Peer 1: 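Okay, here's the structure, questions in a sec.
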Amino acid sequence: MSVRDPQPVERQLPTEEARDLLALVREIAQREIAPRAAEEEDAGRFPREIFTLLSESGLLGLPYAAEYGGGDQPYEVYLQVLEELAAARLTVGLGVSVHTLASYALATHGAKRQQVEHLPAMLGGGLLGAYCLSEPSSGSDAASLRTKAVRDGDEWVIDGTKAWITHGGIADFYTVMARTGEDGPRGITAFLVPGDAPGLSGAAPEKKMGMKGSPTAQVHFDGVRVPDDRRIGEEGQGFSIALSALDSGRLGIAACAVGVAQAALDEAVRYATERRQFGRPVADFQGLRFMLADMATQIEAGRALYLAAARLRDAGRPFAKQAAMAKLHCTDTAMKVTTDAVQILGGYGYTADFPAERYMREAKVLQIVEGTNQIQRMVIARHVAGPEGR
């Protein structure tokens, strides 16, 4: 027993149901996820059975309508669930965020008949989703994507390659943005593509510095046929759907980042209160105490920022600027906090015997995915100072 074990995060939750939900999530995280995280990440093993458990527990469709198998929870609650999952293992927290992102287009822009047919399985039927926007030559400039969908009677034929796809090659469904018309953002349409569609294949997963248990791969579409009733929204509406999804998805990344940072702080506190030098715990030394204080403060600030943005979203108010700010601040905080955690552990922090080095490697990707932090600064600046080149 350490001198002072880190305490669970004190959360302000809107309902008793939400408090019970967070208690369930913590139990699953502590019992099923955290104990195997280090070993499975080292082995590069994706925990599909955990996602099955989360689906059975009603945790894969929290922000969506109950009539389709969702949890009817506000984003304020859903994001705190993500934070708890990411603190236990980022592969799981980020995986839930990506699945939620992949379900967004159909849940918010799909026709009623499409939602009735597909959403129950997507939200609570054990399926796992992936979101396909980026390509090898179009990352930050997503509107220049080249994957094409050509109409052939009542079907569309999709050809192209998507890149950096979380769950690429193992997902049960893919929300795919493809070009159906003119160059630029107005020629893009969204489709719901089954994971077992003929002509769809996943490349070998990328070899990454962190999140080795989460497969990230190119996905190839070679004459993949999908019926028109799997087109989501109107032709040419895909890019606006994609950007709207990313506003919400950035909040998911922010919450995951706070979870990783909190896990790193907890590990640093645990070590600093146990490790003794010069006859007393190293946590007694002012230099380390100030580091821990700064880490805790930045985490609380990040949590407040993503929750403020979530409450705007829940109220139906614009939140794009705040989502970009939350993604920027929380992921930069995660990088700083995890780096400081490694420093506090000293030589031990640099070894795989302690989780601090894994947190540091994982934090880096959060500054990149779903819009690099340089893109977030561009988004924020447009809201503050107006568009460029006026």
Side-chain angles (χ1 to χ4, degrees), residues 8-15 17-26 28-29 33 51 54 57-65 70-104 107-108 123 129 131 166 244-263 265 298-334 337 362-363 366-367 369-371 376:
V9 175
E10 293 185 10
R11 301 195 179 278
Q12 295 182 6
L13 296 165
T15 64
E17 178 187 10
R19 285 187 282 274
D20 292 341
L21 178 64
L22 264 293
L24 171 64
V25 172
R26 281 176 173 163
I28 292 174
I33 301 174
F51 287 87
L54 294 176
S57 303
L59 298 175
L60 281 192
L62 286 176
Y64 298 125
D72 259 339
Q73 291 296 318
Y75 249 65
E76 174 187 4
V77 173
Y78 158 67
L79 293 178
Q80 294 186 77
V81 168
L82 280 189
E83 184 190 328
E84 292 280 349
L85 293 173
R89 185 178 179 186
L90 183 57
T91 285
V92 176
L94 187 67
V96 173
S97 181
V98 167
H99 176 84
T100 303
L101 179 68
S103 302
Y104 177 92
T108 60
L123 301 183
Y131 181 79
T166 301
S244 178
L246 287 175
D247 284 339
S248 296
R250 284 165 181 162
L251 292 181
I253 300 302
C256 287
V258 171
V260 173
Q262 185 68 56
L265 173 61
Q298 290 302 305
I299 290 169
E300 285 290 346
R303 183 176 292 120
L305 191 55
Y306 86 64
L307 286 174
R311 290 170 185 137
L312 286 175
R313 186 190 189 280
D314 291 335
R317 296 170 58 187
F319 69 99
K321 178 181 72 173
Q322 289 81 3
M325 288 176 168
K327 199 274 185 182
L328 170 64
H329 175 84
C330 293
T331 58
D332 280 354
T333 289
V337 167
E362 291 177 341
L366 298 174
Q367 295 178 301
V369 296
E370 295 193 27
Q376 304 313 313

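The model shown is predicted, which means the values in this text are computed figures rather than measured ones.
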Peer 1: Could you tell me if the side chain of Leu101 sits less than 4.5 Å from the side chain of Ser248, heavy atoms only?
Peer 2: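 Of all side-chain heavy-atom pairs linking Leu101 with Ser248, none is under 4.5 Å.
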Peer 1: Would you mind reporting whether Thr331 and Val369 have side-chain heavy atoms less than 4.5 Å apart?
Peer 2: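 Val369 vs Thr331: side chains apart.
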Peer 1: Can you name the nearest heavy-atom pair linking Ala257 to Cys330, along with the distance?
Peer 2: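 Closest approach of Ala257 to Cys330, heavy atoms only: CB-O, 3.5 Å.
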Peer 1: Atom CD1 in Ile33, atom CG in Leu90: separation rounded to 0.5 Å?
Peer 2: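 Result: 11.5 Å between the selected atoms.
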Peer 1: Might you point out which heavy atoms bring Ala323 and Ala309 nearest each other, and give the distance in Å?
Peer 2: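 Where Ala323 meets Ala309 most closely, the heavy atoms are N-CB, 4.2 Å.
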Peer 1: Within the 4.5 Å heavy-atom criterion, are Leu94 and Leu85 side-chain neighbours or not?
Peer 2: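 Side chain of Leu94 against side chain of Leu85, heavy atoms only: no contact under 4.5 Å found.
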Peer 1: Applying side chain to side chain contact (heavy atoms under 4.5 Å, CB included), run through Met325 and Gln376 and close with a yes or a no.
Peer 2: CA-CA 7 Å; Met325 288 176 168; Gln376 304 313 313; over 6 Å; no
Peer 1: So, the side chain of Asp314 versus the backbone of Tyr75: is there a donor-acceptor pair under 3.5 Å, distance only?
Peer 2: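 Present.
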Peer 1: Can you give me the closest heavy-atom contact between Ala255 and Leu79, atom names plus distance?
Peer 2: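 Where Ala255 meets Leu79 most closely, the heavy atoms are CB-O, 3.3 Å.
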Peer 1: Mind listing the closest non-hydrogen atom pair of Leu312 and Pro318 along with its distance?
Peer 2: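 Leu312 and Pro318 have their closest heavy atoms at CD1-O, 3.8 Å.
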Peer 1: Indicate whether any N or O donor in one side chain lies under 3.5 Å from an N or O acceptor in the other, for Thr108 and Tyr64.
Peer 2: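 No.
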Peer 1: Let me confirm one number: the CZ-CG distance from Phe51 to Leu60, rounded to the nearest 0.5 Å.
Peer 2: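 So the gap between those two atoms works out to 7.5 Å.
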Peer 1: Is a side-chain N or O of Gln80 found less than 3.5 angstrom from the main chain of Glu76, in a donor-acceptor match?
Peer 2: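 Such a contact is found between Gln80 side chain and Glu76 backbone.
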Peer 1: Is any side-chain heavy atom of Val258 closer than 4.5 Å to a side-chain heavy atom of Ile299?
Peer 2: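 Yes, their side chains come closer than 4.5 Å.
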Peer 1: Thr100 and Pro63: which non-hydrogen atoms are nearest, and at how many Å?
Peer 2: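 Closest pair (atom of Thr100, atom of Pro63, distance): CG2-CG, 3.8 Å.
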Peer 1: State, yes or no, whether a side-chain contact exists between Leu22 and Val77 at a heavy-atom distance under 4.5 Å.
Peer 2: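 Contact flag for Leu22/Val77 side chains = yes.
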Peer 1: Looking at every heavy atom in both Ala29 and Ala88, which two are closest together, and how far apart are they?
Peer 2: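 Scanning both residues completely, I find the closest heavy atoms to be CB-CB, 3.7 Å.
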Peer 1: For the residue pair Leu251 and Leu82, establish whether any side-chain heavy-atom pair is separated by less than 4.5 Å.
Peer 2: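 No; the side chains remain at least 4.5 Å from each other.
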Peer 1: I would like to know whether Arg250 and Glu370 meet salt bridge (charged side-chain N to carboxylate O under 4.0 Å, His left out); could you show each step before the answer?
Peer 2: CA-CA 6 Å; Arg250 284 165 181 162; Glu370 295 193 27; over 6 Å; no
Peer 1: When rounded to the nearest 0.5 angstrom, what is the spacing between CG in Leu366 and OG1 in Thr333?
Peer 2: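 Between Leu366 CG and Thr333 OG1, I get 11.5 Å after rounding to 0.5 Å.
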Peer 1: May I ask you to decide if Gln322's main-chain N or O and Lys327's side chain share a donor-acceptor pair within less than 3.5 Å?
Peer 2: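 Checked: no pair found.
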Peer 1: Any side-chain heavy-atom pair from Leu59 and Leu21 closer than 4.5 angstrom?
Peer 2: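 Counting from C-beta outward, Leu59 and Leu21 do come under 4.5 Å.
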Peer 1: Indicate whether the side chain of Tyr306 and that of Glu83 have a donor and an acceptor atom separated by less than 3.5 Å.
Peer 2: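 The answer is yes; a qualifying pair exists.
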Peer 1: Contact between Ser97 and Tyr78 at the side-chain level, heavy atoms closer than 4.5 Å - yes or no?
Peer 2: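 Yes, side chains in contact.
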Peer 1: Quick one: do the Gln262 and Arg303 side chains pair a donor with an acceptor below 3.5 Å?
Peer 2: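 Arg303 and Gln262 do have a side-chain donor-acceptor pair below 3.5 Å.
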Peer 1: Between Arg11 and Glu84, is a salt bridge (charged side-chain N to carboxylate O under 4.0 Å, His left out) present by the stated rule, with each step listed?
Peer 2: CA-CA 11 Å; Arg11 301 195 179 278; Glu84 292 280 349; 3.1 Å; yes
Peer 1: To the nearest 0.5 Å, what is the distance between CG (Leu24) and CG (Asp20)?
Peer 2: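 Spacing of CG (Leu24) from CG (Asp20) equals 9.0 Å.
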Peer 1: Glu17 vs Asp72, test: side chain to side chain contact (heavy atoms under 4.5 Å, CB included). Steps then yes/no.
Peer 2: CA-CA 11 Å; Glu17 178 187 10; Asp72 259 339; over 6 Å; no
